[in-house]
**Student:** 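The structure under discussion is supplied below as structure tokens; questions concerning it will follow.
Proteins get letters first, then strands, A, B, ... in listed order; numbering begins at 1 in each. When reading the values below, keep in mind they use all heavy atoms of this one structure, side chains included, and skip hydrogens, waters and symmetry mates.
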Amino acid sequence: MLKVDKINKAFTVNGSEKNILNNITFTIEDGEFVCILGPSGSGKTTLLRCIGGFEALTNGNMLLDGQSIYAPGIDRIMVFQGFEQLFGWKTVEANVEYPLKINLIDKGNRQQLVGKYISMVGLENYKNYYPHQLSGGMKQRAAIARALALEPRILLMDEPFGNLDAQTRNSLQNELLKIWSDLKTTILFVTHDIEEAIILSDRIIMLSTSGELKNIIPNRLERPRKPGSIGFAELWDLLYNQLGH
Amino acid sequence: MANKSKSAFYQKALFVLILMLLWETVARMKFFNPSVFPSVTSIIIAFLKGVSSGLLVEKTVYSLYLILKGLILSFLAAFLLSSLAMVFRIVENILDILNSILHPLPGIALLPVAILWFGIGEGSIIFIIIHSVLWPMVVNFMTGFKTIPRIHLDVGENIGLKGFHLLWGVMLPASLPYLLSGIKIAWARAWRAVIAAEMVFGAASGSAGGLGWHIYMTRYMFDMAGTFAALLAIIIVGILVEELLFKNIEKFTVIKWGMTI
């Protein structure tokens, strides 16, 4: 369980203090798929980076399974939007294996984990490819495999499909949902795309432009969800209006 | 790809051949005194003689030994200093000012000082080499480290890399294009430094001296073909190192990884 308790984050921009996150509180239960939705500049990425331990909080508390978060750790693995998150000097297989090696997982277990997660994202035939030889979608699949292989307590995803074409994005959303229902991983997923938030999440945390928590909206639509599904349009309208349009 | 590199090879070879033909023609026409402008044929003969007698090989090997020693020491120092500069702001500032002070100073200008400090010998030459190559290496390494995408470092920290492991596992490979260009510049600078330093006190350095001293001596003996043969040796070593060593390192690293084209 992730507990985010009254956190604030301010940056100093051009000499003046700017509040990015204002007094944000929420809880994420184990196995939940939660999306953070907000307009650009609302601090979505900053919030995720704080939970990842990449940014220090100005004040407030964050607890993962009762343990305070203060630095990056393998219990919270981040999948980024940028394609260059893979190490270009390693093959897909080596990219997935490397974090396991660093964390002293023995060779037998390593190979088993690498094989399992590479096939889970459908890259068996590309495991010896270097990142620059892959399409954008394949790179994000590889990054997801690398993140999953460490079996983190929570997977942090920062608009991982934001740079993909619509078709690839749809198929990756479906595969992510399948992986999630197989593994029961907890996922916190940042997006600015209302449709994506509806398709993926159990709950949607909405941030406002000023970096405040606007609302937490449960999403109980039946899966699989498509824009034509019952209740989809209503939820879409609700979120759209909440975003301040 | 194979065709492209093949045609590149032919273009380069053709260019060199034309250059040699032009040289030979000018020499044969005796525009200049043959003893100051030797023909390509006489240079090649002198070169082959030097190689078969072992003299030219010995001189080249000695100079290469000095260069290698200087390069390895400089690489270690440059890598250490640039890494420290990434961690400690004060090291970066000190390197910055040292670079401003020392980089523009020609190595040969420091030779009198080097002789006083290290005596006439290998120590002084190594000092000059290190001075000549350390600064361009540091500049390149620092640029390499500073242009590593933030996301690589984030991922590195996320998967549990810290300190030396982050340096070795992420920063080194991620900045390899810059490290390689730093080493290439250093290699060329080291040649200039060693030849210049050897010309000043070559043979006195205990052993029989390197190529720089050989160039000086052949000119002193008015053996211009011999002088050019020594230059030819430098050129050949340069081409071999560039085409066989550097090109292959690039082919199996930065090109294979799609970091450079």
**Student:** Please report the interatomic distance NZ(B:Lys251) to NZ(B:Lys256), rounded to the nearest 0.5 Å.
**Tutor:** 10.5 Å
**Student:** Report yes or no: is the cationic atom of B:Lys6 (NZ for Lys, CZ for Arg) under 6.0 Å from the centre of the six-membered ring of B:Tyr10, at an angle within 45° of the ring normal?
**Tutor:**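 Relative to the ring axis of B:Tyr10, which defines the angle, B:Lys6 lies outside at least one limit.
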**Student:** What part of A:Ile77 gets within 4.5 angstrom of chain B, counting heavy atoms only: side chain, backbone, both, or neither?
**Tutor:** both
**Student:** Regarding A:Tyr126 and A:Glu93, is there a side-chain donor-to-acceptor distance under 3.5 Å anywhere?
**Tutor:**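 Their side chains do not contain a donor-acceptor pair, so the 3.5 Å distance test is not met.
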**Student:** What part of B:Val170 is in contact with chain A, defined as an atom under 4.5 angstrom from a non-hydrogen atom: side chain, backbone, both or neither?
**Tutor:** both
**Student:** Taking atom types as modelled, find out whether A:Asn128 and A:Thr91 have a side-chain donor-acceptor pair closer than 3.5 angstrom.
**Tutor:**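 Side chains of A:Asn128 and A:Thr91: no pair found under 3.5 Å.
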**Student:** Pick from B:Gly156, B:Ala174, B:Pro149: which one has the most heavy-atom pairs with chain A under 4.5 Å?
**Tutor:** B:Ala174
**Student:** Counting N and O atoms only, with roles assigned by atom type, does the side chain of B:Glu157 sit under 3.5 Å from a partner on the main chain of B:Asp154, one being a donor and the other an acceptor?
**Tutor:**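 Side chain of B:Glu157 to backbone of B:Asp154: no pair is present.
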**Student:** Give a yes-or-no answer on whether the side chains of B:Thr143 and B:Asn140 include a donor-acceptor pair shorter than 3.5 Å.
**Tutor:** no
**Student:** So what's closer than 4.5 Å to chain B heavy atoms on A:Arg49: side chain, backbone, both or neither?
**Tutor:** side chain
**Student:** Just give me the residue among B:Leu176, B:Thr253, B:Ile151 that pairs up with chain A most often, heavy atom to heavy atom, under 4.5 Å.
**Tutor:**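 Most heavy-atom pairs under 4.5 Å with chain A: B:Ile151.
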**Student:** Which atoms of A:Leu100 are under 4.5 Å from chain B, going by heavy atoms: the side chain, the backbone, both sets, or neither?
**Tutor:** neither
**Student:** Relative to chain B, which segment of A:Leu150 carries a heavy atom at a distance below 4.5 Å: side chain, backbone, both, or neither?
**Tutor:**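 For A:Leu150, the contact with chain B is made by the side chain alone.
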